[in-house]
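Quantities reported herein were computed from a predicted structural model and do not represent experimental measurements. When reading the values below, keep in mind they use all heavy atoms of this one structure, side chains included, and skip hydrogens, waters and symmetry mates.
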Amino acid sequence: MRDNPQELFPEVDENGNILGAVSRGHAHDGSKILHPVVHLHVFNSQGELYLQHRPAWKDIQPDKWDTAVGGHVDLGESVDQALKREVREELGITDFSPVAMGHYVFESQRERELVYVHRCVYDGPVRPSHDELAGGSFWSPAEITENLGKGVLTPNFENEYRKFFMNK
């Protein structure tokens, strides 16, 4: 498996206005062309947070633990449509009620993303995709805190967790 470098994403400004299109390959080659992504943090009713295990073949942050759902908005797709598609594809969940928490720009050495953050509480079955993920599990807040800064979790997840969920 590997990501398709020809897949098209919208190029956006920091307010989410579409400026054009960019291929996955170009968006991730250090060009820093801003493109939108969706994140969903899935909590269970015990307050544990589901984390996905990224496969070793991913082009960004391979073999790390990350936000339950994270994916690109495809060209021609709304943030809502992308969120529903990604949650269905990655975790097999279709009956969830996302709460929007805002958006921010994330920048790494290879890319810039406009990240639309959502959360939900979900106690139903989670069926991680064998095509897209290397599994996943619910983590307690203590387990997450214990692993911050150790290279186990993606930097993007760590930043988001600190910003949206710590000390709240």
Side-chain angles (χ1 to χ4, degrees), residues 1-43 49-120 122 124-136 153-161 163-164:
M1 286 296 292
R2 73 188 277 283
D3 291 318
N4 176 4
Q6 302 308 314
E7 184 179 4
L8 291 179
F9 304 147
E11 176 183 350
V12 297
D13 65 18
E14 293 188 6
N15 295 313
N17 299 307
I18 297 173
L19 306 174
V22 62
S23 69
R24 173 189 286 270
H26 192 39
H28 293 169
D29 69 3
S31 67
K32 308 268 183 119
I33 293 173
L34 189 63
H35 57 285
V37 299
V38 291
H39 285 180
L40 179 69
H41 295 272
V42 178
F43 288 88
L49 184 57
Y50 190 89
L51 299 182
Q52 65 159 263
H53 190 197
R54 295 179 61 81
W57 57 262
K58 285 303 247 183
D59 60 351
I60 301 288
Q61 296 296 324
D63 202 31
K64 300 254 176 111
W65 290 87
D66 200 5
T67 308
V69 174
H72 291 88
V73 176
D74 289 338
L75 189 62
E77 191 175 44
S78 72
V79 169
D80 245 14
Q81 290 168 326
L83 183 65
K84 288 179 177 140
R85 176 182 51 77
E86 287 290 345
V87 174
R88 184 182 67 252
E89 288 176 2
E90 292 188 2
L91 300 182
I93 297 172
T94 56
D95 59 336
F96 66 104
S97 299
V99 175
M101 300 189 69
H103 63 274
Y104 67 94
V105 173
F106 174 78
E107 185 169 341
S108 71
Q109 290 183 338
R110 292 180 60 183
E111 65 175 336
R112 280 180 77 224
E113 296 178 329
L114 183 61
V115 184
Y116 289 91
V117 182
H118 302 80
R119 68 172 287 159
C120 74
Y122 179 79
V126 179
R127 294 177 297 281
S129 164
H130 297 297
D131 292 335
E132 295 200 28
L133 308 177
L153 308 164
T154 66
N156 198 352
F157 169 76
E158 289 190 4
N159 292 338
E160 229 168 81
Y161 187 77
K163 178 176 181 170
F164 291 103

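Between the OH atom in Y161 and the CG atom in L153 there is a gap of 10.0 Å [rounded to 0.5 Å]. With values rounded to the nearest 0.5 angstrom, Q81 atom CD is found 3.5 Å from S78 atom OG. In this structure, CD on Q52 lies 9.5 Å from CH2 on W65, to the nearest 0.5 angstrom.
With sequence neighbours excluded, no residue forms a side-chain hydrogen bond (donor to acceptor under 3.5 Å, both in side chains) with N15. With sequence neighbours excluded, the residues forming a side-chain hydrogen bond (donor to acceptor under 3.5 Å, both in side chains) with T154 are D66, listed by chain and number. Checked against salt bridge (charged side-chain N to carboxylate O under 4.0 Å, His left out), R24 has the following partners two or more places apart in sequence or in another chain: D3, E7. Applying the side-chain hydrogen bond (donor to acceptor under 3.5 Å, both in side chains) criterion to K84, with sequence neighbours excluded, gives no partner residue. By the salt bridge (charged side-chain N to carboxylate O under 4.0 Å, His left out) test, E158 is found to be paired with R162, residues two or more places apart in sequence or in another chain being considered. Shown here are the ring pair (Phe, Tyr, Trp, His ring centres under 6.0 Å) partners of Y50, two or more places apart in sequence or in another chain: F138. Every residue was checked against the ring pair (Phe, Tyr, Trp, His ring centres under 6.0 Å) condition with F96, not counting sequence neighbours, and none meets it. Applying the ring pair (Phe, Tyr, Trp, His ring centres under 6.0 Å) rule to Y116 yields the partners H103; only residues at least two apart in sequence or on another chain are considered. Taking S129 as the reference, nothing meets the side-chain hydrogen bond (donor to acceptor under 3.5 Å, both in side chains) condition, with sequence neighbours excluded.
Side-chain contact between D63 and P55: absent, with no pair of heavy atoms (C-beta onward) separated by less than 4.5 Å. Using a 4.5 Å heavy-atom threshold, the side chains of F157 and L49 count as touching.
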Indicate every side-chain donor-acceptor pair of residues 32-41 with a distance under 3.5 Å to a residue at least two apart or in another chain.
| residue | atom | partner | partner atom | Å |
| --- | --- | --- | --- | --- |
| K32 | NZ | E107 | OE2 | 2.9 |
| K32 | NZ | S108 | O | 3.1 |
| H35 | ND1 | I33 | O | 2.9 |
| H35 | ND1 | R112 | O | 3.1 |
| H35 | NE2 | H72 | NE2 | 3.4 |
| H35 | NE2 | E111 | OE1 | 3.3 |
| H39 | ND1 | E160 | OE1 | 3.1 |
| H39 | ND1 | E160 | OE2 | 2.7 |
| H41 | NE2 | E160 | OE1 | 2.5 |

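Each salt bridge (charged side-chain N to carboxylate O under 4.0 Å, His left out) pair with one or both residues in residues 87-101, not counting sequence neighbours, appears once here: R85-E89.
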Next on the checklist: Working note: T67 + N156, criterion side chain to side chain contact (heavy atoms under 4.5 Å, CB included); need CA distance, chi angles, decisive distance, verdict.
Outcome noted: CA-CA 8 Å; T67 308; N156 198 352; over 6 Å; no
